[in-house]
Amino acid sequence: MSDQVTHFIGGVPVAEGAMFATHDPVTGQPVRRVHEADRAIVDRAVAAARAALPGWAALPVAERAAWMRRLADAIEERFEELVAAEIADTGKSITQTRTLDIPRGAANFRSFAEIAAQRPESAFHLRDVLSYTVRRPLGVVAVIVPWNLPFLLATWKIGPSLVAGNTIVVKPSEHTPGSVAVLAEIAASVGLPPGVLNVVHGFGGGSTGQFLVEHPGVDAVTFTGESRTGSTIMKSVADRVKPVSFELGGKNAGLVFADADLDAAVEGSVRSVFTNGGQVCLCTERLYVERSVFEEFTARLAERAGRLKFGRPADEDTTMMPMISAEHRDKVLSYYELAKDEGAEVRAGGGVPRFGDDRDGGYYVEPTVLTGLPRDSRVNREEIFGPVCHITPFDTEAEAVELANDSEYGLAATVWTSSLNRAHRVAGSLEAGLVWVNTWYLRDLRTPFGGVKLSGIGREGGTHSLDFYSEPTTITIKLEPGHD
Ligand SMILES: NC(=O)c1ccc[n+]([C@@H]2O[C@H](COP(=O)([O-])OP(=O)(O)OC[C@H]3O[C@@H](n4cnc5c(N)ncnc54)[C@H](O)[C@@H]3O)[C@@H](O)[C@H]2O)c1
Ligand SMILES: O=C/C=C/C=C(\O)C(=O)O
């Protein structure tokens, strides 16, 4: 793709609106020039989606599923181009981008094609009454997504919303427009009917995102991002009572019991704390470790944090990536300073790496392991969204569960134990939408995905997505025996 990013409306590129720049997180240098959609451009995108709605919604689901498979095939054909676009915007390592971000994009289309095409209809027959349900699409759906897993999270919502018969307007993050812009080109190249998938670029509040969610022609909003933004969007759609599906922030706990395989717990926690620079909503930021293994676990995690490799994205052994922006790096660093002010012991990291090359202009921070803070410290309560965790010792299982649940958030939790009883008991007691046992971020796309408390509203995944992206109408018929 070119370095200039345009909107995609009604099946064609639209190069209109003021321009803004994105920056390469590896060097801080400008990388793309992007058009910002004002109200008039958003209006055209919504109108294009509305015009395409009757035709798209009337297609048999098998035909929409076939379109999803064509998109997945085309993603695989342009795989390396998508990998390059994602890396240019985020500074992710090529190894992660090739194994997680882009393959999940294709899988998101394929799996929802399968699930939608195989979904049985439901009917209930009781003596002389027959009730059944028909599902209709919501209409025009606004898809608003963040910068941390740009392609994965956009396609996670685009696939099911389209296969359910909606037409959509997508707004990627202002930091990461590239891979969804390639998806728009792909949609045009496979001949997806114009207006079914539209993309507008721009910022959030006071800009494209807000114009889109408030637009009277938008029937529902699906959003992934910060809890505070979710709350703002909810207020702005309250008057029209639009359905919302929100995947929001987390302050996820990891529980390490003394009976765990400690090697697996350490390596698993390296993944769960530092993957994607800690910039995954599911990342662990609070670790609770049984006191008898606390010192060993902490020393080993700190040692592993110090060995993560700040390479270039193109180096296959790179394991640490930069923060998305200078602003976000400064936010993460402010928590490193706050931790020190609050009295933390810094067991690894705590600062900014120095390279002596152009990466010194990038947005890197050191992977950081902290101990010694009270549960009410801000570092233990607020989502940082960086490569950092705080580790607290515990003495009993009940205490560990109580500490883990002491959060305003409830997205994901991880439990490390070799006891089957304990695994089930603890997993069932955690206030989280997702609990992983002896693993982290192992996904089955059919399962419900989402959070409790400040971490979200609703669940997506499998039939849960299809339920959100459609409305049931229940039809009840009184059957008169013996009559025509
Ligand atoms: N639960 C999940 O599945 C999940 C997944 C990824 C990220 N997240 C969360 O996302 C956050 C990081 O992403 P971010 O910084 O891009 O989030 P963000 O909330 O700042 O922005 C997300 C998107 O919303 C848009 N936006 C912002 N204000 C808006 C408004 N008033 N109206 C409409 N749109 C608006 C932005 O432009 C962007 O496209 C973290 O809190 C993280 O935990 C959650
Ligand atoms: O940053 C948050 C990650 C969310 C992941 C998913 O939505 C997914 O794997 O489907």
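Every number for a ligand or one of its atoms is a count from 1 in the order of the listing. The residues of the chain are indexed from 1 along the displayed sequence.
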### Summary
Out of Leu434, Thr224, Leu248, the nearest non-hydrogen contact to atom 5 (C) of ligand 1 is supplied by Thr224

### Message
Can you check which of Gly249, Cys281, Ala412 brings a heavy atom nearest to atom 2 (C) of ligand 2?
### Response
Cys281

Pairing donors with acceptors under 3.5 angstrom, does anything connect the side chains of [X] and [Y]?
X	Y	value
Arg443	Tyr441	no
His175	Asp89	no
Thr284	Ser272	yes

I'd like to know whether ligand 1 has [X] as a neighbour, heavy-atom separation below 4.0 Å.
X	answer
Ser173	yes
Pro172	yes
Phe449	yes

Which one holds for [X] and ligand 2: side chain close, backbone close, both close, or neither close, with close meaning a heavy atom under 4.0 Å?
X	answer
Asn148	side chain
Leu153	side chain
Arg104	side chain

### Message
Is Leu152 close enough to touch ligand 2? Criterion: a residue heavy atom under 4.0 Å from a ligand atom.
### Response
yes

Nearest-neighbour protein heavy atom for [atom], which is reported as residue plus atom name and distance:
atom	value
atom 33 (C) of ligand 1	Gly209 C, 3.2 Å
atom 40 (C) of ligand 1	Glu383 OE1, 3.5 Å
atom 28 (N) of ligand 1	Thr229 CG2, 3.2 Å

### Query
Considering only heavy atoms of Phe223, which atoms of ligand 1 have at least one such atom less than 4.0 Å away?
19 (O), 22 (C), 23 (C), 24 (O)

### Task
Taking all non-hydrogen atoms of both residues into account, name the closest pair between Pro177 and His201 and its distance.
CB-ND1, 3.4 Å

### Task
Measure across Arg69 and Ala113 and return the closest heavy-atom pair with its distance rounded to 0.1 Å.
NH1-CB, 3.8 Å

### Query
So, is Tyr441 polar-close to ligand 2, with some N/O to N/O distance under 3.5 Å?
yes

### Query
According to the side chain to side chain donor-acceptor pair (under 3.5 Å) rule, which pairs have a member within residues 156-170, sequence neighbours left out?
Trp156-Glu247, Lys157-Thr222, Lys157-Glu460

#### Entry: Pair listing, side chain to side chain donor-acceptor pair (under 3.5 Å) test, anchored in residues 12-22, at least two apart
Glu16-Arg44

### Query
So do Phe79 and Leu82 actually touch side chain to side chain, heavy atoms under 4.5 Å?
no

Which of the numbered atoms in ligand 2 are below 4.0 angstrom from a heavy atom of [X]?
X	answer
Trp156	7 (O), 10 (O)
Glu247	7 (O)
Leu149	1 (O), 3 (C)

#### Entry: Given Arg104, Arg110, Glu114, the one that forms side chain to side chain contact (heavy atoms under 4.5 Å, CB included) with Leu445
Arg104

### Query
Do Trp440 and Phe274 make the cut of ring centroids closer than 6.0 angstrom?
no

